[in-house]
Amino acid sequence: MTREAAGGIRCGLCRFGSEPVSPQPPRYNFRETEAKWQKVWEERQTFQAVMDPARPKYYVLEMFPYPSGRIHMGHVRNYTQGDVIARYKRAKGFNVLHPMGWDAFGLPAENAAMEKKVHPKKWTYENIATMKAQLKSMGLSLDWSRELATCDPTYYRHQQKMFLDFWKAGLAYRKEAWVNWDPVDNTVLANEQVIEGKGWRTGALVERRKLTQWNLKITHFADELLSRLDTLDRWPEKVRLMQANWIGKSRGARVFWDLTDASGTDRGKLEIFTTRPDTLFGASFMALSVDHPRVAELAATDPGLQHFIAECRKTGTAAAELETAEKQGYKLPFLARHPLEPGRMVPVYAANFVLMEYGTGAIFGCPGHDERDHEFATKYGLPILPVVMPKDADPKSFSVVEAPFVEDGIIVNSGFLDGLDVEAAKVKVIARLEEMGVGKGTIQYRLRDWLVSRQRYWGCPIPAIHCDKCGVVPVPEKDLPVKLPDDVTFDRPGNPLDRHPTWKHVKCPTCGGDARRETDTFDTFIDSSWYFDRFTSPHLQTAPFDRDENHYWMPVDQYIGGVEHAILHLLYSRFWTRAMREVGMTTRDEPFDGLFTQGMVCHETYRAADGTWLLPEEIERSGSKVVRLSDKSPVEVGRSEKMSKSKKNVVDPDQIIRDYGADTARWFMLSDSPPERDLEWTEAGVTGAWRFQQRLHRVATEAMELLPPIGTAGPASFSEAATELRRAAHRTVAALSADIEAFHFNKAVARLYELANTIGNAAPKDDSHKWALREALEIFVRLIGPMTPHLAEELWQALGHKTLLAEEPWPAAEQALLVDNTVTVAVQLNGKLRGTIQLAKDAPKDVAEKTALALPEIARGLDGKAPKRVVVVPNRIVNVVL
RNA sequence: GCCCCCGUGGCGGAAUUGGUAGACGCGCCUGACUCAAAAUCAGGUUUCCUCACGGAAGUGUUGGUUCGAGUCCGACCGGGGGCACCA
């Protein structure tokens, strides 16, 4: 039998050729076996989830993929982890829901349309077909009957309906504002989608444009989204922290200042926000955003100000990279009257560092106690008044020159606030401002509303109609869904919907006159904000989901995905759930009970002499050198980085599964690296995992010849060796269960290696030992079920079972076998290990002490003297102190 | 700049949360099988001293708490991540 026929490694990855091999034990034919069991599971619909209120449910979900073309190793890792949980929970008796779908709208489809002249729909559905086949080859315990694609009108019609409900409830609105424009994708982006001033997909520097766009009122839930984070105790701390920072709650005050012009004529009020009302007496100027309405007003008649605003906007776009952009101001023809000292007037500026989007778009400047204000005041020669000083400083001589004093301290030069600390002063000044009617304590959030309009074709149409007479009106429910037209062209940049000859021309549903459809589509993050709800009743026509089904399955018990969605997708989903609650669709607050963020899959990078990147399969190792396969030229090996097409450090899951099998790929994904950390993909690691599969099959097959028949009753008593083997097996059950629950898959794998070694080394001598060997093997096979399901199913059958392992319960550990009668206790002399003693479990302290002191190493150290102290920790350690 | 996380053999990583550091795997070394290689099996593998028995040191550096510190506290060094004119 050739290696090829046995389903072994092909020479592409393993470079030792494919010559016939000498007779040896038949290898495990993974290809045949994996296909066989996948077919059985599918035919028996083993993984189809059916609501059953009598049984406890468990909803396992991995973040659904974008159908980009082919699955990558990140998917393999993600879905393997989810599948371990799903199969484990199923064995533990839960009614498991483990669905899969497609995040199918998005720009790559449009780019493909432009580059390859293929329609986005065709491209998307072809990719889905390819990737679905790939996922099926992994042997995942998915309920494919619930598959959905967000680009399907049967999906997005419900999304449009929900949007209309939100609109009615005041949670969706249109607003003209400065927005982030991605010049490469030709669309606007939400705040969360701009990273370091660049578009999250394209990396292009975003521009600012003033546009009227649809927004969802996520800020309505800002406080709840923040405070509820505390209750998400099965979420990573890191993610909760990132969301908390993003929401950015600040306590402070709004303060009203009267404005006058130089002649003292009243020019209205100016409202500012500050988190430091305690430093109000240190005010030396006011600053308004260049986008502030009052500034726009003045600019109308002031060419100098117009020029200043234009300059700021210019740097505004580039400022993202120039983080140390200089503070600049333009003096406005106003003076502001200090609200607490009516005799005091301070100058008013338009300034480039004040953001219109935060607070009120205006601030008071306190250069003594704020970095930015200090820089500004220094530049424009404004006074710096210290109003907070360190606790031990002298109020007469304390001054701020070089740098502002931003720490806690004692208030000075501030009238009724003098002598207080910062916190107390804040309370007192807010009370006074409120009393005087010139300000009030407020809470300010950094979070802004979610801008959801996108000027793109391949997305869910926004169901709105623009009528010159009636304004913006919703599409009547009976007309939903608003379907995307298929006949569109991609020969020019811009939105194909907008230039479609007929699509946008409709009658106004209110007045019947000529009107235009909204040609923007939704941000695709909306599609993924409720797909987990849709999975609970994916085929329901009349509503997004059935209440009972949804109530039974939701929330997602375990959600698994990349940490890159810590803010975007996870925050949007939390919002959407609350919006649905607001319009009465659900009573739930949170969609995801448990969250796990898996690490990335990394690989070394390879570069040829000419600097071009090489695929891992284009290189070979000869000794310690790495050379190019084609011409043996030297290759520079770079550090391991996240697998990416641009650096070509990718390994195709298809090829791995073809050459080594799905079980090997899964096993390797779970080995070694903790799942939340990055995983280094190595060829050695894969072949190691592959060898273990082969070894397991061999060990099990060999052991089976010694086993008593299936169902043999247990012996009356067990030999010493048999009991030891049983202990090992049952202990592994207990430990492994805990490891899986805690997402410690790498530790679980290590324990399985140990048990495999123990089983492999067991040479049964008596009948009870043979019985124990069968027990251990059966336990072992059940335990590997969630990780390498095909091999496990095969061995289960080989053990004589007629049932499907996938439908078998998880083994139970016998408590009696988990506890040892004797324990090994370490003995230390002055904290240093000197030896170990065997003691009965829970032996009394004095017995432990006596035994320890009798140890030759200890007696020698004591040299006849009595120890100063003996610390005894039962079952752990004895420390003899001299 | 602010906030958070992490530094353990040649490598990935364990360590019951203050109690025998280095489980398990990879790699490497030695041996068996083989004409030979691959595969497989057995043994070894933190460092230093010792033929060995054994001993000493050791978890980024440094100080502390403790009978006892990889684990707790302080300072520093290095790596990673998030936020960044958010008033």
Side-chain angles (χ1 to χ4, degrees), chain A residues 3 8-9 14 16-17 19 21-22 24-25 27 195-197 236-239 241-246 248-250 252 272-276 279 287 319-320 323-325 327 351-355 357-366 369-373 375-376 444-448 563-564 566-567 668 671-674 677-680 682-689 691-692 694-695 698 735 738 744 746-757 760 824-836 857 867-873 875-882:
Chain A
R3 199 175 270 136
I9 304 181
C14 186
F16 46 70
E19 72 276 17
V21 277
S22 49
Q24 51 184 278
R27 293 204 171 187
I195 293 147
E196 289 178 359
E237 186 59 43
K238 183 169 72 164
V239 173
L241 194 77
M242 282 167 68
Q243 290 210 358
N245 288 340
W246 188 261
K249 182 176 183 173
S250 306
I272 60 102
F273 172 75
T274 178
T275 56
R276 293 296 303 273
T279 63
E323 50 186 62
T324 50
K327 306 271 175 294
N352 63 346
F353 66 96
V354 181
L355 303 173
E357 297 82 6
Y358 186 75
T360 62
I363 60 159
F364 84 89
C366 177
H369 309 283
D370 182 279
E371 299 274 0
R372 296 152 303 186
D373 298 349
E375 190 185 329
F376 188 84
Q444 183 68 43
Y445 297 93
R446 208 187 76 111
L447 183 71
R448 306 206 189 127
V563 73
E564 66 271 20
I567 293 171
F668 177 62
S671 314
D672 292 349
S673 291
R677 253 189 253 179
D678 288 352
L679 175 137
E680 165 82 1
T682 61
E683 201 179 300
V686 183
T687 51
R691 279 201 300 270
F692 182 64
Q694 295 294 338
R695 190 172 130 227
R698 196 176 53 244
H744 293 162
N746 56 323
K747 286 160 72 178
V749 164
R751 289 186 209 285
L752 288 170
Y753 271 116
E754 274 176 311
L755 184 56
N757 291 340
T824 307
V825 171
V827 180
Q828 298 179 332
L829 188 65
N830 284 339
K832 282 184 183 169
L833 186 70
R834 279 299 114 103
T836 58
E857 290 88 343
K868 196 154 84 186
R869 187 177 164 192
V870 180
V871 180
V872 181
V873 181
N875 303 327
R876 285 273 157 77
I877 206 159
V878 177
N879 189 11
V880 179
V881 186
L882 287 182

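Just so it is clear, the structure is predicted and the values come from calculations on it, not from any experiment. Proteins get letters first, then strands, A, B, ... in listed order; numbering begins at 1 in each.
In this structure, the side chains of A/Glu371 and A/Glu375 stay at 4.5 Å or more apart for every pair of heavy atoms. A/Val880 has its side chain within reach of A/Leu829: a pair of non-hydrogen atoms, C-beta onward, lies under 4.5 Å apart. Using a 4.5 Å cut-off on side-chain heavy atoms (C-beta onward), A/Thr279 and A/Phe364 make contact. The side-chain heavy atoms of A/Asn830 and A/Val881, taken from C-beta on, include a pair separated by under 4.5 Å.
Pairing of B/U62, defined by two Watson-Crick or G-U wobble distances under 3.5 Å, is identified with B/G74. Pair assignment for B/G18: none, as no Watson-Crick or G-U wobble contacts are both less than 3.5 Å. Remark: B/A39 base-pairs with no nucleotide; criterion is Watson-Crick or G-U wobble with both hydrogen-bond distances under 3.5 Å. Here B/C11 sits opposite B/G25 as a Watson-Crick or G-U wobble pair (both hydrogen-bonding atom distances under 3.5 Å). Judged by Watson-Crick or G-U wobble contacts below 3.5 Å, the nucleotide B/G68 has no partner. Across all strands shown, the partner of B/U46 is B/A57, judged by Watson-Crick or G-U wobble contacts whose two distances both fall under 3.5 Å.
Listed by chain and residue number, A/Ser640 satisfy the side chain to side chain donor-acceptor pair (under 3.5 Å) test with A/Glu680 (two or more places apart in sequence, or in another chain). The side chain to side chain donor-acceptor pair (under 3.5 Å) search around A/Arg695 returns A/Asn757, not counting sequence neighbours. Every residue meeting the side chain to side chain donor-acceptor pair (under 3.5 Å) condition with A/Asp370, not counting sequence neighbours, appears here in chain and number order: A/Arg372.
The distance from atom CZ of A/Phe353 to atom P of B/A84 is 18 Å, rounded to the nearest whole Å. One can place CD of A/Glu371 at 18 Å from P of B/A84, the figure rounded to the nearest angstrom. Atom P of nucleotide B/G19 and atom CG of A/Asn875 are separated by 14 Å, given to the nearest angstrom. Rounded to an integer number of Å, the gap from A/Glu680 CD to B/G80 P is 16 Å. Rounded to whole Å, the distance from CD1 on A/Ile567 to C1' on B/A84 is 13 Å. Per the geometry, CD belonging to A/Glu237 stands 11 Å off P belonging to B/C6, to the nearest Å. The CG atom of A/Leu679 sits 19 Å away from the P atom of B/G80 (whole-angstrom rounding). When rounded to the nearest whole Å, the span between CG of A/Leu241 and C1' of B/C2 equals 12 Å.
A distance of about 31 Å separates the P atoms of B/A14 and B/U65, rounded to the whole Å. For B/G12 and B/G64, the C1' atoms lie 33 Å apart once the distance is rounded to whole Å. As rounded to the nearest Å, B/C3 and B/A75 have P atoms that lie 12 Å from one another. Between the P atoms of B/U45 and B/C53, the separation comes to 11 Å (whole Å). With both ends at atom P, the span from B/C76 to B/G25 equals 42 Å, rounded to whole Å. Nucleotides B/G70 and B/G13 place their C1' atoms 14 Å apart, quoted to the nearest Å. As rounded to the nearest Å, B/G68 and B/G78 have C1' atoms that lie 29 Å from one another. Atom P of B/A23 sits at a distance of 8 Å from the matching atom of B/U46, rounded to the whole Å.
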B/S/- contact track for nucleotides 53-60 of chain B, protein heavy atom under 4.0 Å: ---SS---
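In this model, the phosphate group of B/C4 is not approached by any side-chain N or O of A/Asn245 to a distance below 4.0 Å at OP1 or OP2. Between A/Thr824 and the phosphate of B/U20, there is no side-chain N or O to OP1/OP2 separation shorter than 4.0 Å. At the phosphate of B/A39, neither OP1 nor OP2 sits under 4.0 Å from any side-chain N or O atom of A/Arg698.
Set against B/A84, B/A87, B/A23, the side chain of A/Val354 has B/A87 as its closest nucleotide. Taking the side chain of A/Ser673 as heavy atoms from C-beta on, and the options B/G13, B/C83, B/U40, the nearest nucleotide is B/G13. Considering only the side chain of A/Leu355, B/A87 comes nearest among B/U16, B/A84, B/A87.
Across all strands shown, A/Arg751 has no heavy atoms under 4.0 Å from either base or sugar-phosphate atoms. A/Lys747 comes within contact range of the sugar-phosphate backbone alone, with a heavy-atom separation under 4.0 Å but no base atom that close.
Within the model, atoms CD1 of A/Ile272 and OG1 of A/Thr360 stand 6.5 Å from one another, a figure rounded to the nearest 0.5 Å.
Closest non-hydrogen pair, A/Arg276 versus A/His369, comes out as NH1-O, 4.2 Å.
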Listing time: all N or O pairs from protein to nucleotides 67-69 of chain B that are below 3.5 Å?
{"unit_1": "B/C67", "atom_1": "OP1", "unit_2": "A/Arg869", "atom_2": "NH1", "d": "3.2"}
{"unit_1": "B/C67", "atom_1": "O2'", "unit_2": "A/Asn879", "atom_2": "ND2", "d": "3.1"}
{"unit_1": "B/C67", "atom_1": "O2", "unit_2": "A/Asn879", "atom_2": "ND2", "d": "2.6"}

Hey, what are the protein-to-nucleotides 25-34 of chain B N/O distances that come in under 3.5 Å?
{"unit_1": "B/G25", "atom_1": "OP1", "unit_2": "A/Asn757", "atom_2": "ND2", "d": "3.2"}

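Remark: A/Lys327 qualifies as a cation-pi partner of A/Phe353 under the 6.0 Å distance and 45° angle criteria applied to the six-membered ring.
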